[in-house]
Amino acid sequence: MFVNAPVRIHSPRDMAQLLDKLAHLLLRDHLSRQQITVLVKYMAQAGEAQDIRTLLYGLAQRVPQHGEKLMTFAEELKLIGRKEGLQQGIQQGIQEGQRAARLEIARQMVLRGLETHAILEMIGLSKDELQQLQH
């Protein structure tokens, strides 16, 4: 069974041992879907797994009777990851758009001859950024 101390995953062997323990618990039907979710996410993060599907595939091989559920779970996690990635992409796009707008406004202010300190104060650019616009 699991020990209450934190598990350290340093190698593929550590991950394999942890997978074996989880497979043992799955075979005995000791874990709820939520517990499996938490454990798999932890294992992916602690083991620095690049592909959670690979992790779940390894578990499905050890516990074939839960293979279909685990692969469905892998697809669900993949969709969640896509949604999170999309949200991050949208946020990044908004930030880049705001920055581009600030730079364009500052450029227009420079062209109209506003004082440097006023532009810096109103737009929030650094002196270096403003100097790049002036050239």
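All residue numbers refer to positions in the sequence shown, counting from 1.
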Euclidean distance, [Y] [atom2] relative to [X] [atom1], rounded to 0.5 Å:
X      : Y      : atom1 : atom2 : value
Glu121 : His117 : CD    : NE2   : 7.0 Å
Leu133 : Met109 : CG    : CE    : 11.5 Å
Glu129 : Gln132 : CD    : CD    : 7.0 Å

Side chain of Arg102, backbone of Ile123: donor and acceptor closer than 3.5 Å?
yes
Taking every non-hydrogen atom, the tightest pair across Leu120 and Ser126
CD2-O, 3.5 Å
I'd like to check Thr116 versus Ile119 (side-chain heavy atoms, cut-off strictly below 4.5 Å). Are they in contact?
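No, side chains not in contact.
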Are side-chain N/O atoms of Glu96 and Gln92 paired as donor and acceptor at under 3.5 Å?
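Present: a donor and an acceptor within the cut-off.
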Is the closest side-chain donor-acceptor distance between Gln108 and Glu104 under 3.5 Å?
yes
Out of curiosity, does Ile94 fall in the hydrophobic cluster containing Leu86 (side-chain heavy atoms, cut-off under 4.5 Å, transitive links)?
yes
